Number of protein chains: 2
Amino acid sequence: MANARSDDIARQTPAPAVEEPPRKSDLTRQRILDAAARVFSERGYSGTRLTDIAARAGLQAGSLYYHFDSREKLIDEIMHLGTRRTHAAAVERLAALPPDASPLRRLETLIENHLLLGLEQSDYSSASIKLIWQVPADIRERQLVGQRAYGALWREELEKARAVGAIRPDLNLSTVRMMIAGALNWATDWYKPTGDSPTRLARDLVEMVLHGLARAPAREAGPDGGVADPPPATSRPRR
Amino acid sequence: MANARSDDIARQTPAPAVEEPPRKSDLTRQRILDAAARVFSERGYSGTRLTDIAARAGLQAGSLYYHFDSREKLIDEIMHLGTRRTHAAAVERLAALPPDASPLRRLETLIENHLLLGLEQSDYSSASIKLIWQVPADIRERQLVGQRAYGALWREELEKARAVGAIRPDLNLSTVRMMIAGALNWATDWYKPTGDSPTRLARDLVEMVLHGLARAPAREAGPDGGVADPPPATSRPRR
DNA sequence: GTCTATACTGAGATAGAC
DNA sequence: GTCTATCTCAGTATAGAC
């Protein structure tokens, strides 16, 4: 799938206080993490054996234990990194918006960021999404705690949008959040690189989430300039 | 969660041609299936051991093999039943609509049916949803084949809606289908009986999917009478 | 048909040589 | 640090008594 995955967005290894040459075989540790993120995101929790990870990292299964205490610790770290990475990228992309960007434009950014990271930009993000409901409950609990900050970001943006009347006031926002997450995260599973591009998927998804599936009769332009209105009825149907 | 699950909707054991008393311990077989559906839907693929299933069905692990060749066969059957059940219930509920129900009303029905079965009405449906991306690829392939008819039903209804102009013409319908599935199916994982009721969730979900999150300025009533329009701006916010 | 007892297997984990 | 070899154990599956 993604030989070209960069995964350099928001790599947040805490920078050493002083310039140190990266200790020679913390590089191996990193290789193992990268390999594991990839394999887990491809084969899931029960489909991934330590042997697979070791093979991809170019060593023997037993050698992994020099770097990690257990398979579980390895999973913990990958998922944690995935969440942090998604979160950091979101913050970054929000910051890159013009300061007067509308709340809807900001939500759009959150949606795109999450989907693109999960689909093709980061094995860590994909893995954390794919694994969250596959892993045993204790692992999941730890992860959900770590995801609070990211969840809070979504909540804030949604509330901000509601405060200024950009979104409907009648929906339970935490339900909304979970539904959007579902639509985005499920894609991590069904997405095949042979179909629509991630960018195109993101577009349709943003449209659906913000404006819905139903033909909105005579919808007028909203107060913000950032979000495209649904195209006119004459658009050519797709598929 | 669901001691009261009926699971009698669309139970499709092929009726014997002649009236036969149900063979005494096909009943056991059924008990095993019910137990397995429940446990798998609660603990997932790798969290479920044959011992758990046996315990819930009231026998020893080894005894399962009198009724099923392998754990895999058992999973196959449960998931298959889940799909059939969801599909059959959908057909039933569509048939129960007034013949002049609008296409949007029909989509609404599909959405509600899928969500409610997955959340609380059928362990089989929950299990098939929860397991589909957890099981090994060969099991999944078989299931996806079995789901084609149900997928086709969705596709038909969506296309019908588009044909009469009830939904937007610019979205890729198979993407739409997967996004809706994601929003609905993800709920099977995060849903906790302590929050909003499934009915309430279904309402918000239908609203989101059909009309979107954005405040639609000056939306007018659609041509169909079945679907509630978004409430006025004065609605009281939730959460 | 269901039980008890046991065989088999895959995969995580450890030990010790290099 | 990484290898090879091995231990351990959980969990599926089988055998044979009842």
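Please read these numbers as outputs of a predicted model, since none were measured by experiment. First the proteins, then the strands, lettered A, B, ... as listed; each starts at 1.
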With the threshold set at 4.0 Å, does a side-chain nitrogen-carboxylate oxygen contact exist between Asp76(B) and Lys73(B)?
-> no
Using atom CZ of Arg29(B) as one end and atom P of dT2(C) as the other, report the distance to the nearest whole Å.
-> 13 Å
Under the ring pair (Phe, Tyr, Trp, His ring centres under 6.0 Å) rule, what pairs show up with a residue in residues 44-81 of chain A, not counting sequence neighbours?
-> none
Separation of atom CG in Leu64(B) from atom P in dT14(D), rounded to whole Å = 13 Å
For Leu27(B) and dT2(C), what is the distance between atoms CG and C1' respectively, to the nearest whole Å?
-> 15 Å
Would you find more than 12 non-hydrogen atoms of other residues, nucleotides or ligands less than 6.0 Å from Lys160(A) atom NZ?
-> yes
Of dT4(D), dT4(C), dT2(C), the nucleotide closest to the side chain of Leu59(B) is dT2(C)
Working for side-chain contact (heavy atoms from CB on, under 4.5 Å), residues Asp204(A) and Val176(B) | CA-CA 8 Å; Asp204(A) 278 12; Val176(B) 164; 5.7 Å; no
Letter per nucleotide, 5' to 3', of nucleotides 11-18 of chain C [B base touched, S only sugar-phosphate touched, - untouched; heavy atoms, 4.0 Å] | SSBB----
In whole Å, what is the span from the NE2 atom of His67(A) to the C1' atom of dG1(D)?
-> 6 Å
Salt bridge between Arg38(A) and Asp34(A), side-chain N to carboxylate O under 4.0 Å?
-> no
In whole angstroms, how far is the P atom of dT14(D) from the CZ atom of Phe68(B)?
-> 15 Å
Start with the C-alpha gap between Thr109(A) and Arg105(A), add the side-chain angles, then the distance that decides, and say whether side-chain hydrogen bond (donor to acceptor under 3.5 Å, both in side chains) holds.
-> CA-CA 6 Å; Thr109(A) 301; Arg105(A) 182 76 189 80; 3.1 Å; yes
